[in-house]
Amino acid sequence: MNVEYEKKLGKNLKMLRENANLTQEVLSVQFQLRGCDLTRSAVAKIEVGQRHIYPDEIKLFKQILNVAYDDIFI
């Protein structure tokens with residue numbers, strides 16, 4: 001995947017998380033409650049484009065943040 005796109009995606013996910021008034025830790029817990037072992041550290045790495053994001057994680061970001069896919073992929 002394109003590194004610049006991953007950074008842009010991560011920055012957007014961070015903005016959406018902050019708009020939902022969630023910390024990285026709380027977001028991580030929400031993922032874990034839904035059966036996805038995403039740590040706070042992994043969330044931080046996604047937000048700065050240092051870690052790839054998987055399709056099941058995208059789906060959960062959408063659900064937890066209560067946004068549309070179009071909001072994630074702008």
Side-chain angles (χ1 to χ4, degrees):
M1 187 175 247
N2 181 307
V3 174
E4 289 304 314
Y5 182 76
E6 287 189 13
K7 287 181 181 180
K8 184 177 177 182
L9 176 63
K11 185 177 179 181
N12 190 50
L13 287 171
K14 179 180 180 179
M15 181 200 62
L16 293 170
R17 175 184 58 78
E18 290 174 342
N19 286 348
N21 294 314
L22 297 176
T23 64
Q24 291 176 343
E25 185 67 31
V26 170
L27 181 62
S28 172
V29 168
Q30 290 300 313
F31 270 88
Q32 292 171 14
L33 289 172
R34 290 167 172 82
C36 183
D37 190 23
L38 191 70
T39 64
R40 189 217 50 84
S41 176
V43 171
K45 288 178 181 178
I46 288 169
E47 289 182 353
V48 295
Q50 292 180 346
R51 180 188 176 281
H52 297 292
I53 185 168
Y54 297 97
D56 59 330
E57 294 168 345
I58 294 169
K59 182 179 176 184
L60 288 175
F61 269 107
K62 177 188 176 298
Q63 291 173 358
I64 295 167
L65 299 174
N66 195 30
V67 296
Y69 287 117
D70 287 346
D71 296 328
I72 294 172
F73 298 106
I74 61 167

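None of these values were measured; they are calculated from a predicted model. Throughout, residue positions are numbered sequentially from 1 according to the sequence presented.
- Note: Arg51 CZ to Lys45 NZ = 9.0 Å, rounded to the nearest 0.5 Å.
- Looking at heavy atoms from C-beta onward, Lys59 lies out of side-chain contact with Lys62 at the 4.5 angstrom threshold.
- Aromatic ring orientation, Phe61 versus Phe31: perpendicular (interplanar angle above 60°, classes split at 30° and 60°).
- Between Ile46 and Leu9 the shortest side-chain heavy-atom distance does not fall below 4.5 Å.
- Rounded to the nearest 0.5 angstrom, Thr23 OG1 and Glu18 CD are separated by 10.5 Å.
- Of the inter-residue distances, the one linking Leu65 atom CG with Leu13 atom CG reads 7.0 Å to the nearest 0.5 angstrom.
- In this view, Gln24 and Arg40, Glu47 satisfy the side-chain hydrogen bond (donor to acceptor under 3.5 Å, both in side chains) rule, not counting sequence neighbours.
- Using a 4.5 Å cut-off on side-chain heavy atoms (C-beta onward), Leu60 and Leu38 make no contact.
- Side-chain atoms of Asp56 do not come within 3.5 Å of backbone N or O of Cys36 as any donor-acceptor pair.
- In this structure, the side chain of Arg17 engages the main chain of Leu22 through a donor-acceptor pair within 3.5 Å.
- A continuous path of ILVMFWY side-chain contacts below 4.5 Å connects Tyr69 to Tyr5, so both sit in one hydrophobic cluster.
- Judged by distance alone, with hydrogens and angles left aside, the side-chain atoms of Glu57 form a donor-acceptor pair with the main-chain N or O of Tyr54 at under 3.5 Å.
- Residue Ile58 holds its CD1 atom at 5.0 Å from CD1 of Ile53, rounded to the nearest 0.5 Å.
- When the side-chain hydrogen bond (donor to acceptor under 3.5 Å, both in side chains) test is applied to Gln32, the partners found at least two apart in sequence or on another chain are Ser28.
- Residues Val43 and Val48 are members of separate hydrophobic clusters, defined by side-chain heavy-atom contacts under 4.5 angstrom among Ile, Leu, Val, Met, Phe, Trp and Tyr.
- Residues Ile64 and Arg34 form a side-chain contact, since some pair of their non-hydrogen atoms from C-beta on lies under 4.5 Å apart.
- Atom CD1 in Ile74 sits 10.0 Å away from atom NZ in Lys11 (nearest 0.5 Å).
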